[in-house]
Amino acid sequence: MMTSRLRGSFPLLAIALLALTVFAGPAHAIGLIRDAETEHIIRKYSEPIFRAAGLNPNAISIHIVNDNSLNAFVAGGQRMFVNTGMIRRADSPNMLIGVIAHETGHIAGGHLVTRRNAIEGNTAAAILSFVLGIGAVAAGAGDVGGAILAGGTSVAQRNILEYTRVQEAAADQAAMTYLNQVGWSGRGLVKTFELFRGYEVLSSRQQDPYLRSHPLSSERLSSLEDRVENSPYKDRKDPNDWQFDHDMVRAKLAGFLDRPAVTFRRYPKSDQSAPARYARAVAHHHASDLSKALTEISSLVEEYPDNPFLWELKGQILFESGKAREAVAPYEKSVELLGDSPLLRVGLAQAMLATEDPSLTKPAVEHLEKSLRYDRENSFAFHQLAMGYSRLGDKPLADLATAERYYLTGDLRQAKQHAYRAQEGLPEGTPNWLRAQDILNSKG
């Protein structure tokens with residue numbers, strides 16, 4: 001868990017991997033955030049597109065960037081980054097799906113090949129740090145960007161995410177091909193691009209990052225509109241349940257990322273829709289009003305008992321209000337409903353460990369181990385796992401988990417220290433011993 005430089009604590013959007021102040025002037029904290037629900041719907045939107053492009057969905061990582069600007073990009077091989085600003089301003093799933101399809105076109109088209117080597121193989125946090133450093137330099141904050149990149153940047157690096165007009169047009173056409181293959185409308189992509197129409201006359205410093213890295217011409221937009229209008233699926237609407245899930249995620253993001261007063265204005269008490277109650281539940285929690293937060297979330301849980309993310313939020317509200325034992329049951333329900341979500345298991349394990357009940361330590365460790373089988377880049381999960389192993393008296397595995405945590409956060413010195421300690425207590429040649437050796441052999 002960490003405290004955002006913007007406002008408050010974000011444990012559900014949780015377990016931030018990185019926080020950087022990029023631009024000079026007013027603080028502007030940008031980092032990666034984790035949220036099981038947001039990741040779930042983006043993955044649901046993306047996987048049919050990836051398959052249509054001939055890509056393995058399991059090979060592509062999707063990351064959410066805590067930044068309000070309209071932006072999405074691919075980097076580091078097969079990693080896709082989507083800003084919260086893009087999600088929040090997409091009125092429909094189709095708008096976000098269009099952007100995902102366009103970015104997939106860049107991956108499938110091999111447009112990253114010439115730019116890949118500089119950041120290939122790094123963690124998402126390291127890639128974002130690199131990209132933010134480039135962005136700061138490109139926006140004119142050279143000193144800050146240089147600090148982030150620890151040594152400045154070259155012209156080639158500054159252009160790492162920029163595409164040629166030919167590549168942009170190719171990605172547009174690829175996106176439409178994928179959307180036609182899965183039977184979805186391309187109007188959302190056009191609508192998203194139309195948001196940028198008025199920005200082309202602005203200076204690069206004022207433009208949203210997406211426009212700077214994806215130059216939008218009238219010819220491109222016209223060609224895309226023609227392709228959309230000729231599609232047999234141009235009038236296809238998003239499924240109702242998709243729109244509901246999309247609205248719920250946008251409301252949750254508003255509750256977590258905006259000040260409570262802003263959320264209450266946007267979602268007044270007179271609005272008794274599910275998204276409004278969801279946003280207010282988070283806002284009341286941020287305002288330390290446990291009673292009102294529980295009233296809002298409990299009404300939602302009663303109405304939608306099969307929604308794992310509502311149970312998750314109830315667990316979080318209780319946990320962060322100092323009621324760890326009471327939080328365990330809602331978290332258990334969320335895992336029961338969606339057991340393949342690594343982040344839900346981490347939330348449950350954290351609550352279990354916080355009770356300091358010895359009988360819950362082993363189950364907590366088991367949930368963390370299952371989570372990490374599918375999500376090896378969650379440094380917070382390794383932190384919790386080290387705590388669990390320590391309580392079970394397994395110092396070598398506790399040291400290895402700590403080494404993994406420091407490795408992911410970029411502290412290679414501490415990672416190697418703990419990997420060395422782990423090796424001393426692990427049988428030579430075992431998978432855990434070899435993993436410790438890998439960390440010891442890492443260069444950075």
Side-chain angles (χ1 to χ4, degrees), residues 41-57 60 62 69-75 78 80-83 85-87 89-115 161-202 207-240 242-243 246:
I41 69 159
I42 294 180
R43 179 63 64 176
K44 179 170 65 176
Y45 299 161
S46 303
E47 290 191 353
I49 299 294
F50 295 156
R51 285 192 289 268
L55 302 172
N56 178 4
I60 300 177
I62 299 173
S69 62
L70 282 161
N71 201 10
F73 59 92
V74 287
Q78 295 187 330
M80 186 176 294
F81 297 78
V82 182
N83 279 20
M86 185 70 77
I87 299 168
R89 290 180 66 180
D91 295 333
S92 67
N94 191 246
M95 289 181 68
L96 193 54
I97 287 167
V99 172
I100 291 167
H102 177 90
E103 295 304 318
T104 302
H106 285 306
I107 297 175
H111 301 164
L112 303 177
V113 172
T114 58
R115 304 168 170 86
L161 297 179
E162 293 180 3
Y163 300 101
T164 67
R165 290 181 182 273
V166 172
Q167 288 173 332
E168 282 300 299
D172 292 342
Q173 296 305 309
M176 280 307 305
T177 297
Y178 309 148
L179 291 169
N180 282 335
Q181 286 180 18
V182 298
W184 292 344
S185 173
R187 282 185 167 161
L189 179 58
V190 172
K191 187 175 180 180
T192 300
F193 280 177
E194 285 177 343
L195 292 176
F196 297 103
R197 268 187 164 175
Y199 293 158
E200 286 195 310
V201 299
L202 301 176
Q207 290 172 350
D208 264 293
Y210 198 87
L211 187 58
R212 291 199 299 268
S213 59
H214 299 68
L216 179 63
S217 66
S218 297
E219 292 83 0
R220 264 189 65 206
L221 192 55
S222 177
S223 178
L224 179 60
E225 288 172 335
D226 288 343
R227 184 82 184 271
V228 170
E229 289 306 308
N230 288 321
S231 168
Y233 308 105
K234 64 181 180 180
D235 295 320
R236 179 70 56 87
K237 303 296 183 183
D238 295 321
N240 288 336
W242 283 33
Q243 185 64 57
H246 189 77

Taking Asn71 for its side chain and Asn83 for its backbone only, find out whether a donor-acceptor pair lies under 3.5 Å. no
Salt bridge (charged side-chain N to carboxylate O under 4.0 Å, His left out) against Asp91, all qualifying residues, sequence neighbours excluded: Lys191, Arg250
Donor-acceptor check, side chain of Asn94 to backbone of Ser185, threshold 3.5 angstrom: yes or no? yes
Taken in chain and number order and not counting sequence neighbours, the residues that satisfy side chain to side chain contact (heavy atoms under 4.5 Å, CB included) with Thr177 are Gln181, Arg227
Mark yes or no for whether His246, through its side chain, and Ala90, through its backbone, hold a donor-acceptor pair below 3.5 Å. yes
Classify the ring geometry between Phe81 and Phe73 as parallel (under 30°), tilted (30 to 60°) or perpendicular (over 60°). parallel
Residues forming a salt bridge (charged side-chain N to carboxylate O under 4.0 Å, His left out) with Arg43, sequence neighbours excluded: Glu47
Within-4.5 Å side-chain heavy-atom neighbours: Leu189 and Ile97: no
Which heavy-atom pair separates Ser92 from Asp238 by the least distance, and what is that distance? CB-OD2, 3.6 Å
Return the orientation label for the Trp242 and Trp184 ring planes: parallel under 30°, perpendicular over 60°, tilted otherwise. perpendicular
By ring-ring contact (aromatic ring centres under 6.0 Å, His included), which residues pair with Tyr178, not counting sequence neighbours? none
Out of the candidates Ile62, Leu55, Thr104, only one should pair with Gln78 under the side chain to side chain contact (heavy atoms under 4.5 Å, CB included) rule; please name it. Leu55
Side chain to side chain, Arg187 and Arg236, heavy atoms closer than 4.5 Å: no
Heavy-atom nearest pair, Glu168 first then His102, reads OE1-NE2, 3.2 Å
Check step by step if side-chain contact (heavy atoms from CB on, under 4.5 Å) holds for Met86 and Met95. CA-CA 9 Å; Met86 185 70 77; Met95 289 181 68; over 6 Å; no
Among residues at least two apart in sequence or on other chains, which ones pass salt bridge (charged side-chain N to carboxylate O under 4.0 Å, His left out) with Lys44? Asp245
Closest non-hydrogen atom pair between Ala174 and Gly105, with its separation: CB-CA, 4.0 Å
Taking the side chain as C-beta and beyond, is there a heavy-atom pair between Glu225 and Glu194 under 4.5 Å? yes
Out of curiosity, Asn56 CG to Arg51 CZ, how far, rounded to the nearest 0.5 Å? 10.0 Å
Atom pair CZ/CD1 of Phe50 and Ile60 - distance to nearest 0.5 Å: 4.0 Å
Quick one: CD1 on Ile107 to CE on Met80, what's the gap to the nearest 0.5 Å? 4.5 Å
Can you measure from NZ (Lys234) to CD (Glu229) and round to the nearest 0.5 angstrom? 4.5 Å
Only counting residues at least two apart or in another chain, list the ones meeting side chain to side chain contact (heavy atoms under 4.5 Å, CB included) with Ser231. Met176, Asn180, Tyr233
Distance-minimising heavy-atom pair for Ile49 and Ala101: CG2-CA, 3.8 Å
Before giving the answer on side-chain contact (heavy atoms from CB on, under 4.5 Å), spell out for Leu96 and Val82 the whole-Å C-alpha distance, their side-chain angles and the decisive distance to 0.1 Å. CA-CA 9 Å; Leu96 193 54; Val82 182; 4.1 Å; yes
So, for Ala72 and Val99, which heavy atoms are closest and what is the spacing to 0.1 Å? CB-CG1, 3.7 Å
